[in-house]
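Report on the following structure.
All values derive from a computational prediction rather than experimental measurement.
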Amino acid sequence: IRRPPRSTPSNSSAASDVYKRQDVELVRDPYAGVRWDSFAPYPANLHTHTSESDGAMEPAQVIDEYHKRGYRILAITDHDICTWPWEGYGRSAGKLVYYITVDANDIPLDATLAAALPPSYERLYQQYDVEGSADVRARVFTSGDANNAGPAGFFADVSLDLDSLRPKKLPLTLSDVSAAVSITPDSLNFKEFAGRYGQSPVTMAGGVQLGDDNAAQQVQVRVTAEEVTLDEKLMSLLPDSLESRVARFHPEGKVNLTVDVKTVDANEPLGYTVAVDCLGNRIEHPRFSYPLGDVRGTVRIDRGGVALQNIRARPEAAGADAQPSVWLDGRLNLAKEGLSDGALQVKARDIPFTPELGKALPAAFSGIYGDLAPQGPFDLDLETVAFSKVAPDDTRITFDGKARLKTCDLNLSGAGTQLDGVLALAGAYDTKGGFENARLALDAERLTIRGKSITCLLYTSDAADELDGVD
């Protein structure tokens with residue numbers, strides 16, 4: 001109950017406005033939930049005087065006497081003087097002991113905060129442009145007591161609410177970021193992290209363990225992003241040896257990304273793996289016969305190269321009666337200057353013979369292709385296509401596979417010809433020296449020339465010399 005102001009007559013209507021009935025909770029024992037058996041005794045005196053004011057003993061004597069009696073905590077509270085530091089009176093207070101809890105809300109992430117961070121975290125903070133605020137619940141503490149105190153440590157739970165987050169070394173900006181982070185002097189762990197890159201949701205999990213020099217000693221972080229548009233900014237994140245090569249494919253569409261960054265030793269290069277899940281993309285390369293649409297599967301990029309996992313696509317071939325398809329699997333290893341070696345498996349179904357296909361073939365094949373002028377579909381199975389760099393300007397390609405011709409129309413010496421059968425081809429091709437050890441075998445189930453059919457025709461040839469001699 002509040003009393004009315006003295007200037008208010010007790011019988012006035014104003015008096016009734018200030019008399020309020022309030023609910024009061026009576027707590028009989030505020031310490032009912034405390035487990036006293038878990039507390040150690042800390043003998044303390046928080047109010048004592050010395051001869052510096054109205055006490056009877058010198059400060060050094062007071063300190064010694066309380067220490068002899070087993071006191072752990074002593075506060076000298078002289079009048080009109082601060083009897084501190086104790087070293088000025090010939091005694092030591094020992095190391096400071098902390099156990100402080102800090103709750104802070106809506107802390108702006110600015111230069112003032114950066115200057116207050118431990119050096120390792122200040123350096124980390126300076127690597128980003130950040131707009132937003134943080135809520136912090138922190139504990140600062142020391143182990144031991146004043147006579148045997150350990151170093152000060154801290155543990156902080158930080159909730160971040162960011163309008164934007166941009167790594168200074170990358171051209172990407174995240175927005176609408178909310179995160180929950182646990183921080184200690186030597187570790188940082190993301191319990192939650194969610195934001196957006198454009199319209200794409202982004203999440204992150206993992207943490208960083210700092211070494212003795214406050215540099216990242218161990219890193220294990222995973223970043224995922226869904227339905228990210230393939231654009232120049234995203235391409236710029238690729239290693240230099242890949243960026244220009246990927247750009248030649250003119251990729252279009254959206255992908256899902258999973259980026260794993262991991263290292264267990266600060267002296268080793270940072271390890272990473274980027275998994276790109278294709279979501280029906282489109283690519284077009286100058287060396288391809290046709291653009292490829294509806295590209296699906298996974299491309300994995302790491303420091304050593306690129307792996308293609310179950311890549312499926314549909315060639316956008318004009319004039320195809322059936323729906324053509326292509327499948328690739330394998331790995332290409334990269335060196336600083338580009339491709340070093342690798343191997344692929346390639347399968348294709350219902351690919352039409354077209355003039356564009358002939359233009360994409362090596363010169364040794366394109367001449368034969370032009371003379372035969374094939375028409376119709378074929379299937380292709382290349383069990384092995386292996387690449388190896390033999391010189392900076394020379395690549396060796398070995399191959400082993402077969403093509404199935406499906407009622408293929410050919411021009412043989414001006415005569416209309418149809419061919420059904422399997423063409424097997426194996427050997428090696430050097431981009432500077434041409435074909436080596438190439439063998440060609442034709443198993444013609446049916447060959448029709450000017451209306452007359454031949455069945456079960458077999459033809460085998462050492463094709464290297466013949467192919468190398470074609471203009």
Side-chain angles (χ1 to χ4, degrees), residues 283-293 313-328 344 346-383 385 397 399-431 433-471:
I283 59 175
E284 185 172 0
H285 193 281
R287 293 295 303 274
F288 282 10
S289 308
Y290 331 101
L292 296 180
R314 296 193 179 278
E316 298 176 358
D321 295 330
Q323 180 63 64
S325 62
V326 174
W327 176 89
L328 297 96
L344 296 175
V346 181
K347 295 182 180 180
R349 296 292 180 266
D350 296 313
I351 304 298
F353 287 110
T354 63
E356 291 78 14
L357 178 59
K359 295 175 184 178
L361 295 174
F365 280 116
S366 61
I368 298 176
Y369 188 94
D371 293 338
L372 294 177
Q375 297 181 26
F378 69 95
D379 295 343
L380 181 66
D381 288 277
L382 294 177
E383 294 298 328
V385 181
I397 305 170
F399 51 89
D400 184 8
K402 59 186 179 180
R404 179 168 188 82
L405 309 179
K406 303 178 176 181
T407 314
C408 176
D409 293 326
L410 303 173
N411 179 21
L412 289 177
S413 301
T417 305
Q418 284 189 337
L419 175 64
D420 289 87
V422 176
L423 179 66
L425 187 64
Y429 178 77
D430 190 290
T431 54
F435 282 93
E436 301 175 9
N437 303 322
R439 291 190 60 79
L440 183 144
L442 174 62
D443 182 359
E445 299 172 0
R446 182 171 61 87
L447 177 65
T448 303
I449 303 176
R450 294 179 180 178
K452 296 183 178 180
S453 297
I454 303 173
T455 59
C456 299
L457 175 65
L458 297 177
Y459 172 77
T460 302
S461 173
D462 184 347
D465 295 335
E466 298 175 25
L467 291 173
D468 284 340
V470 177
D471 294 331

**Message:** Nearest 0.5 angstrom please: Tyr290 OH to Ile351 CD1, how far?
**Reply:** 6.0 Å

**Fill in**
dist Leu372:CG -> Leu410:CG (nearest 0.5 Å) comes out at 5.5 Å

**Asked** Just how far is it from atom CG of Leu425 to atom CZ of Arg439, taken to the nearest 0.5 Å?
**Response** 11.0 Å

**Minimum-distance pair of heavy atoms, taken over all atoms of Ala428 and Phe399** = N-CE2, 3.7 Å

**Fill in**
Taking every heavy atom of Leu382 against every heavy atom of Gly401, the minimum-distance pair comes out as CD2-CA, 3.8 Å

**Prompt:** If you look at every heavy atom in Arg314 and Ser325, which pair is closest and at what distance?
**Reply:** NH1-CB, 4.2 Å

**Item:** Inter- and intrachain pairs under salt bridge (Lys or Arg N to Asp or Glu O under 4.0 Å), touching residues 419-430, at least two apart
**Value:** Asp420-Arg446

**Asked** How many angstroms lie between atom CD of Glu445 and atom OG1 of Thr407, to the nearest 0.5 angstrom?
**Response** 9.5 Å

**Message:** Can you tell me how far apart CG (Leu442) and CG (Leu405) are? Round to the nearest 0.5 Å.
**Reply:** 7.5 Å

**Request:** Under the side chain to side chain contact (heavy atoms under 4.5 Å, CB included) rule, what do Asp379 and Lys406 come out as? Steps first, then yes or no, please.
**Result:** CA-CA 8 Å; Asp379 295 343; Lys406 303 178 176 181; 3.0 Å; yes

**Asked** Which atom pair, heavy atoms only, marks the closest approach of Leu292 to Ala313?
**Response** CB-CB, 4.1 Å

**Request:** Could you tell me which non-hydrogen atom of Ala444 sits nearest to which non-hydrogen atom of Leu419, and how far apart they are?
**Result:** CB-CD1, 3.5 Å

**Message:** One thing to verify: whether Arg349 and Asp381 come together as a salt bridge, which I'm taking to mean a side-chain N less than 4.0 angstrom from a carboxylate O.
**Reply:** yes

**Closest non-hydrogen atom pair, Phe353 against Pro374** = CB-O, 3.3 Å

**Asked** Rounded to the nearest 0.5 Å, what separation is found between the CZ atom of Arg404 and the CZ atom of Phe378?
**Response** 13.5 Å

